[in-house]
Each structure stands twice: as C-alpha cells, then as structure tokens.
Amino acid sequence: MSKNAKQNLADSKKMSAELFCLTYGSLVTELLRDYEDPKEVTMQLDKMGFNMGTRLADDFLAKNSNVPRCTDCRQIAEVLCKNAIPCYLGTTANSSNWVGGDREFTIVIENNPLNELVQVPPNLLAAGLSYSQVIAGAIRGALEAVHFKVYATAMENGANTEIRIRFDSVLKDNLPAGEDD
Amino acid sequence: EKWGEIAEACVDSSEVEQYTGLIHKAFAHANSETQLETIGFRVGQVLVEKVSKDSPKLVTELEIVKFICKEFWSAVFGKQVDNLRTNHQGVYVVQDNKFTTLRCFPEGTQYVKSSGRFLALPCGILRGALDSLNIPAIVTATVESIPAVKFQLQIAAKA
C-alpha cells in the first residue's frame, strides 16, 4: 500500500490507500460493536497484528536480503524505521526516546496511513482503545518470528502515531513463532 | 436470553422446527459474510463520496452504474471492469476477469467455494456505493473460475 497507489494499482501487490484505511476503520467500529469494551478491542487488534507480523517477517526477509543480522536494539529500530515500516506502510518513521540502557524506545510514525481519514472519539481513547495497535502487534509478531521478545503499544499523538517498544529477551527455542499457539 | 428458553422448551427435535424462522434470523445476523458485507457497505458509502466529488452530475441509472464500473472501480479495485451487461430492467451484470481480492489466489476452479467470503466485502462496498448514489440494490457475486468474478447488481424497484 502506498500514497501514490493510483498509478500502481494495477500491480497486484498494491491497494488503494483510501480503501484500506476506510476498511480498517470499519473493522475497528465493528469490533467495538462486538466486544463493547475498548480495551478488549485493543487486545484483539494486537492479536491480529501479531498474526500478521509473524507472516510479514518471512515476506520482509525474502524481499530485503540486504538487511543485516541485528545484534542490539538500535539496529532493530533502524531496520524497522528504515526498511520495514516504509515497505509496508509507505510512510517514514523515526526512533527516539531511548531509555533503560537502550532496551526501550519509541518509534514515531509520521502520517500514519491508518489515521488518514479517521477521527477517533476522545472518550474511546480515554477508555483504552489504541486505534493503531495493529501496527504495534505486527511489530511484536515480526520480532518474535526472529526470536526477539518485545512489548509494543501504540499511542496516538496528533498527526503522528507513537509505538512504544520495550525489549524483553532473546528467545532461545527453535520453534518458529505461531506454530505452537 | 431467548436461546435459553428455547433450549429448555425444545426437548424434542421436532419442536425446533417452529423456531426455524428465529434460528435463521439469528444466524443471518451473526455469520461472517453478513458482518463483512456490513463493513463493506459503510466503506462503499464513504468511498463513493470521495470518488464522485469532482464528477459531473449523474442523472440516469445507467450513468451511475457506468460511473461505478469506470471511475469507482479503478479507484477502489485498481482497474476498470471488463464487461458490463444489462437487461434494461434493473439487472446489471458486471464482469471483472482479474478481480483484486482474488488475484493472489491460485487460478482455476479448485478454491471457488472458499472464495465466497472474500467477496462479501466487495459486494458490500458496491452496495454501499450504489446506495449513496441513490440506487438501492442487491449485489451478489458469482465465481466460476478464479480470478474472474461476475457481480450481479439487482436494482430495487423504485417505490
């Protein structure tokens, strides 16, 4: 999906940004109607994102063979911001706000395409709905697929979306994520 | 809570029959296709407004359907339709030989049955778009061989 998708729509890998954004909005609305509790909706979005992420990781590594093996969080953040997010969201991102000895950082996504035609009611945000949690979930899923356990939460901040990522541990087992659950 | 009552009341399977209407209704409201269709409807309503913002006034039914097949289709699904036919009595058959949502599927007839739920959303989008342009319609999709899809737009009679 990309901003200038109009010309490239015939390409089967791309879809209309507006269609995507509106469909996602409707999906969240439907989830809100189903679960009634915004916190539960956030959890469901996270789960969806996680499942997307575990698959996206394979796709990402297949497309970007030049990505180096990451050994620390700074490298993870760099790959996420420079390669992964532009590749799948068609927008730029920056990492900042490093704390806890580089174990915790924030990725700021400018012009989050999910938010483009959307205004999330403040009362839902206050009740614990995290509209773009699907992105955070996807990052968590993708990193888990390459054996990094992280916690990720999304926060709306005006035009930008902030994804707070906390590194937990390196997973040791060799079972690919998503196979056992 | 009504389900509890029914479960209590129906000791005999023959008694279930008197509730079939209710059961059908309950299932119709809960299945995934219906929900996807509802999501699509909302999406279509909004999308068509964005797409038709700068277009000239659409007067006749045929003009509107043509608009859906050309501008709307290429804005949403990435290409124009391949064939549009009508019986001039409110039924339009739109054919797309390479429909977006089925493009990633293996071609052929093997997965035709499971493609149904992937077309519920586009059907809803089309229904929503037509509804916004003041044409209430029933939209159904048929697949004979992936990725070609035939959409049937059945325009509801004007009251």
Side-chain angles (χ1 to χ4, degrees), chain A residues 1-36 40-41 44-45 47-49 51-52 54-56 58-60 62-63 87-88 90 111 113-121 124 129 131 134, chain B residues 29-54 68 70-82 96-107 117-129 131-132 146-148:
Chain A
M1 200 216 34
S2 75
K3 276 277 174 56
N4 49 3
K6 273 250 158 69
Q7 308 92 302
N8 306 326
L9 275 185
D11 180 357
S12 67
K13 299 267 158 51
K14 298 226 162 70
M15 72 182 281
S16 155
E18 282 172 358
L19 173 65
F20 172 71
C21 162
L22 288 171
T23 312
Y24 182 71
S26 293
L27 174 77
V28 176
T29 318
E30 198 68 23
L31 284 175
L32 279 166
R33 204 171 295 152
D34 268 7
Y35 288 102
E36 287 166 1
E40 181 69 22
V41 174
Q44 291 299 326
L45 289 174
K47 209 157 116 193
M48 280 181 207
N51 290 333
M52 286 155 89
T54 50
R55 287 161 180 77
L56 277 179
D58 279 336
D59 184 65
F60 177 72
K63 277 183 193 156
C87 174
Y88 292 111
N111 312 316
L114 291 181
N115 278 355
E116 205 156 294
L117 306 167
V118 177
Q119 220 173 10
V120 188
L124 287 179
L129 174 72
Y131 186 75
V134 72
Chain B
H29 280 284
N31 75 2
S32 56
E33 277 90 343
T34 322
Q35 277 192 315
L36 283 168
E37 220 263 353
T38 322
I39 292 179
F41 184 78
R42 176 88 190 105
V43 173
Q45 268 188 325
V46 182
L47 260 181
V48 81
E49 276 179 27
K50 288 191 81 71
V51 178
S52 66
K53 199 170 50 185
D54 301 317
I68 294 280
K70 285 183 179 161
E71 278 85 356
F72 185 72
W73 212 281
S74 51
V76 178
F77 304 126
K79 66 190 275 291
Q80 292 188 3
V81 300
D82 295 291
D96 190 331
N97 292 333
K98 216 171 182 310
F99 192 65
T100 336
T101 44
L102 301 184
R103 247 181 247 165
C104 302
F105 284 32
E107 296 184 10
R117 65 184 55 182
F118 292 88
L119 293 168
L121 184 82
C123 278
I125 292 177
L126 290 175
R127 193 167 67 87
D131 191 82
S132 265
I146 291 170

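A:Thr29 has its side chain out of reach of B:Ile39: every pair of non-hydrogen atoms, C-beta onward, lies at least 4.5 Å apart. Residues A:Leu22 and B:Arg42 form no side-chain contact, since every pair of their non-hydrogen atoms from C-beta on lies 4.5 Å or further apart. Here the side chains of A:Glu18 and B:Val76 are not in contact, with every heavy-atom distance at 4.5 Å or above.
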Tell me, with the steps shown, if B:Gln35 and A:Asp34 meet side chain to side chain contact (heavy atoms under 4.5 Å, CB included). CA-CA 10 Å; B:Gln35 277 192 315; A:Asp34 268 7; 3.3 Å; yes

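Residues satisfying the side-chain hydrogen bond (donor to acceptor under 3.5 Å, both in side chains) test with B:Asp96, not counting sequence neighbours, are B:Trp73, B:Lys79.
Here the OG atom belonging to A:Ser26 is positioned 9.5 Å from the CD atom belonging to B:Gln45, to the nearest 0.5 angstrom. Rounding to the nearest 0.5 angstrom, the gap separating the OG1 atom in A:Thr23 from the CG atom in B:Leu47 is 7.0 Å.
Of the atoms belonging to B:Leu121, it is side-chain heavy atoms, and not backbone ones, that fall under 4.5 Å from chain A.
Under a cut-off of 6.0 angstrom, the local environment of CZ in A:Phe60 is crowded, with over 12 non-hydrogen atoms contributed by other residues, nucleotides or ligands.
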